[in-house]
Trainee: 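Take this structure, written in structure tokens, and hold onto it; I'll ask about it next.
Numbered from 1 within each chain, the chains take letters A, B, ... in sequence-line order.
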Protein chains: 2
Amino acid sequence: MNGSSLVKSESREAVLRAAQQLNYVPHAAARALITGRSRTIAVVLPDMHGEFFSELIRELDQCAHAHGQNLLVTSLHGDLAEVKQVLGLIHGQVDGVILMVPFNDARARLAPLLMTVPTVLLNAPGPINGCPAVTVDNAGGARQVVRHFLSMGYRNMVHIAGPSGNFDASERARGFRAAVKEAGLPVNRDIPGDYSERAGYLAGQLIASRSKRPRAIFAANDNMAVGCLEALTEAGVRVPEDIAVAGFDDIPIVRFTQPPLTSVHPPIAQQGVEAFEWLVKAVNRKPGEPPPSGPRERPLPTTLIVRGSTDRRAPARPSAQTDR
Amino acid sequence: MNGSSLVKSESREAVLRAAQQLNYVPHAAARALITGRSRTIAVVLPDMHGEFFSELIRELDQCAHAHGQNLLVTSLHGDLAEVKQVLGLIHGQVDGVILMVPFNDARARLAPLLMTVPTVLLNAPGPINGCPAVTVDNAGGARQVVRHFLSMGYRNMVHIAGPSGNFDASERARGFRAAVKEAGLPVNRDIPGDYSERAGYLAGQLIASRSKRPRAIFAANDNMAVGCLEALTEAGVRVPEDIAVAGFDDIPIVRFTQPPLTSVHPPIAQQGVEAFEWLVKAVNRKPGEPPPSGPRERPLPTTLIVRGSTDRRAPARPSAQTDR
DNA sequence: GTCCTAGGTGTAAACGTTTACAAGTCAGTT
DNA sequence: AACTGACTTGTAAACGTTTACACCTAGGAC
């Protein structure tokens, strides 16, 4: 017995010593079978691209270590229907699930599937079946960008939208629109996009070709902002003197673009912690107890990082001397 | 019985239908206990930073899906001794292990621990206890850089080394030295580094301050190359006109530095596939059979990506129109 | 009609733990 | 010396599957 119970301390020591010698390690499956605990958390992501994924995993790995848990990572290669299959595959092998579902229709499509295992949703449009959702304040981030634009005197702004159906993207668009309207400015029609660098590039070309250009551009993610920046530069448009550009996500490369890109930094690490902590609580609660209170209802705040693409005076990229 | 055996097809159908209705899912732990197979592979990495980690995970996730396996991801937070603990935690929960151990002394320190579970080593200095090692041709990559430098007419080269004790780093240094020597050129002493951007920055400052500057710099990784580039630029050294700079890893940001950085592209995806394929074979073999032949003994070849930091004439960064 | 065979079905053991419980030991108290 | 109590130790059931095996049924051959 590796736990603690009612054995004399010396006999326990003897057992442990023997175990050491025989190279004995308890069999996880047998243990999981009888205890009903696998000490493992599943992380299910819609895809494994971008910095979001790696930073999240990194953070969750930290949490897992701290709680003595293992991390089972998997991605949804196909449809959301695959969630069912994944949850099945995972049953009995996992105590809880962290599920990222950044889709507007997540509720309708997931509701029938969630109930077997304690689950935390990431970037979902809201709690589903009592599973809490840990979200980022996308709208707030967009608002920060608009406020920054206003403070710089940029009044004619346009948004390059993310893929329709994506919850984060529509929140960013919504926040942008609301903030512009609140400022009493006319709202330009969004330029459609799909988060790809190429979409941003095309959007940039489109904007550069217009006779009436906006003063500032807010792209729904950094990928598109980078593509847009490139198109503008190629077209001879000066950034930020002629047009300012801001993105969302604060991915590593934005420090290196010419000029460096202003971007909204999402609280990914914090998200990971909140999701994990709640999950651990939910998994460990006794059958009688009520589910733990949600991991703060409100979305987690973002941070605006101002760089040269919106403000010429922004401090140069922090040199390697001090960075990190 | 979900497998196939000797039941009439209609009774099987009936069973499956009932299972569907009752929302039955087999219990993974119980199944693992009796079959001795968990359909899960562990991935153990020394740390979760950098692009290497995310690309590898992404690739392994693909492989895992293709083979109907799950992926248990964990990192070594402390010493290599933690490997033992990790392998213990994992016993019975995992059929095989992909273990990254880029340390020169891996053999000595790991040999006593490896034998319980089929294991593939990643970037290890060689096979250990019959566990094959899937490695990158670091020395070959360094050689490619030197050959490129020579073709550009750069004859006075210096290497910014990676952390001592790191296998990849020492292989890169070795390959560099060998190639320079083969070319009949004198070998400059390496500038010490630790893979950090700051170390590269300091190295760059050091080089810029020397009276006799080298014509070309090969940094052991891109991080350092980026830092070095920054220091050189700050010091008023023109790249590549005065000094050329090349890195290793081909991380995403090197496309965006000023000028874009020449770098050695490692075959990470291929590594993942080879490691996984071998592991699956090893796990599925019958007790009698011999272990499958190693996943090609020789290290996987790298690709040199020439950019503006070593060759002014290099094509500009492929535009977003065509990239990806 | 009996026997054999083939194909299908039900039963029970086993996987390696945990945990509850019964049984045992020993010292201290009356 | 016997009883009580506090500890310790051994035993057995249970977790949810798989798999081997014995059993049963039906159909064909002699």
Side-chain angles (χ1 to χ4, degrees), chain A residues 1-40 42 68-70 72 84-97 115-118 283-288, chain B residues 1-42 67-70 72 84-97 115-118 283-288:
Chain A
M1 314 195 193
N2 287 323
S4 69
S5 40
L6 43 165
V7 291
K8 203 159 50 185
S9 54
E10 45 187 89
S11 21
R12 162 178 305 140
E13 240 180 74
V15 169
L16 289 183
R17 229 184 358 254
Q20 190 84 348
Q21 278 194 339
L22 295 175
N23 235 311
Y24 164 87
V25 262
H27 194 276
R31 198 184 272 231
L33 178 57
I34 188 71
T35 58
R37 285 279 120 79
S38 58
R39 303 166 41 86
T40 302
Q69 303 273 321
N70 291 318
L72 196 63
K84 183 167 190 179
Q85 189 196 341
V86 167
L87 293 186
L89 275 180
I90 265 171
H91 162 73
Q93 191 170 16
V94 140
D95 298 336
V97 176
M115 55 185 69
T116 335
V117 192
V283 167
N284 289 336
R285 81 190 162 102
K286 308 285 177 299
Chain B
M1 316 194 189
N2 287 323
S4 70
S5 42
L6 44 166
V7 291
K8 203 159 48 184
S9 53
E10 45 187 88
S11 19
R12 162 177 303 139
E13 240 180 75
V15 169
L16 289 183
R17 227 183 0 253
Q20 190 84 350
Q21 277 194 342
L22 296 175
N23 235 311
Y24 165 86
V25 262
H27 194 275
R31 197 183 273 230
L33 179 57
I34 188 71
T35 59
R37 286 279 121 79
S38 58
R39 302 165 40 84
T40 302
I41 299 290
H67 290 269
Q69 303 272 322
N70 290 317
L72 196 64
K84 183 168 192 181
Q85 188 198 341
V86 167
L87 293 185
L89 275 179
I90 264 171
H91 162 74
Q93 191 171 16
V94 140
D95 298 336
V97 176
M115 55 183 68
T116 335
V117 192
V283 167
N284 290 336
R285 82 191 162 101
K286 308 283 178 301

Trainee: Go through B:V97 and B:L87 one step at a time and tell me if the side-chain contact (heavy atoms from CB on, under 4.5 Å) criterion holds.
Mentor: CA-CA 8 Å; B:V97 176; B:L87 293 185; 4.0 Å; yes
Trainee: Quick check on C:dT18: is either OP1 or OP2 less than 4.0 Å from any side-chain nitrogen or oxygen of A:R31?
Mentor: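 Looking at the OP1 and OP2 atoms of C:dT18, one of them is under 4.0 Å from a side-chain N or O of A:R31.
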Trainee: Could you state the CZ-P distance from B:R39 to D:dT18, rounded to the nearest angstrom?
Mentor: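 It is 11 Å, rounded to the nearest whole Å.
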Trainee: With a 4.5 Å heavy-atom cut-off, do A:H27 and B:L33 have their side chains touching?
Mentor: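 Yes - at least one pair of side-chain heavy atoms lies under 4.5 Å apart.
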Trainee: May I have the distance from B:R37 (atom CZ) to D:dT19 (atom C1'), rounded to whole angstrom?
Mentor: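 B:R37 atom CZ is separated from D:dT19 atom C1' by 16 Å.
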Trainee: What are the two closest non-hydrogen atoms of B:D95 and B:V283, and how far apart are they?
Mentor: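 Looking at all heavy atoms of both residues, the closest pair is O-CG2, 3.6 Å.
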Trainee: Figure out the CD1/P separation between A:I34 and D:dA12, and round it to whole Å.
Mentor: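 Between P of D:dA12 and CD1 of A:I34: 17 Å.
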Trainee: CG of B:L33 versus P of D:dA14: gap in Å, rounded?
Mentor: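 The answer, rounded to whole Å, is 17 Å.
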Trainee: B:H27 has an atom NE2; how far is it from atom C1' of D:dG16, in whole Å?
Mentor: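 From B:H27 NE2 to D:dG16 C1': 7 Å.
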Trainee: Report yes if some heavy atom in the side chain of A:Q93 is under 4.5 Å from a heavy atom in the side chain of A:S38; otherwise report no.
Mentor: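 When only atoms from C-beta onward are counted, A:S38 and A:Q93 do not touch, as no gap falls below 4.5 Å.
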Trainee: Quick one: A:H91 NE2 to D:dC15 C1', roughly how many Å, whole number?
Mentor: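 Answer to the nearest Å: 12 Å.
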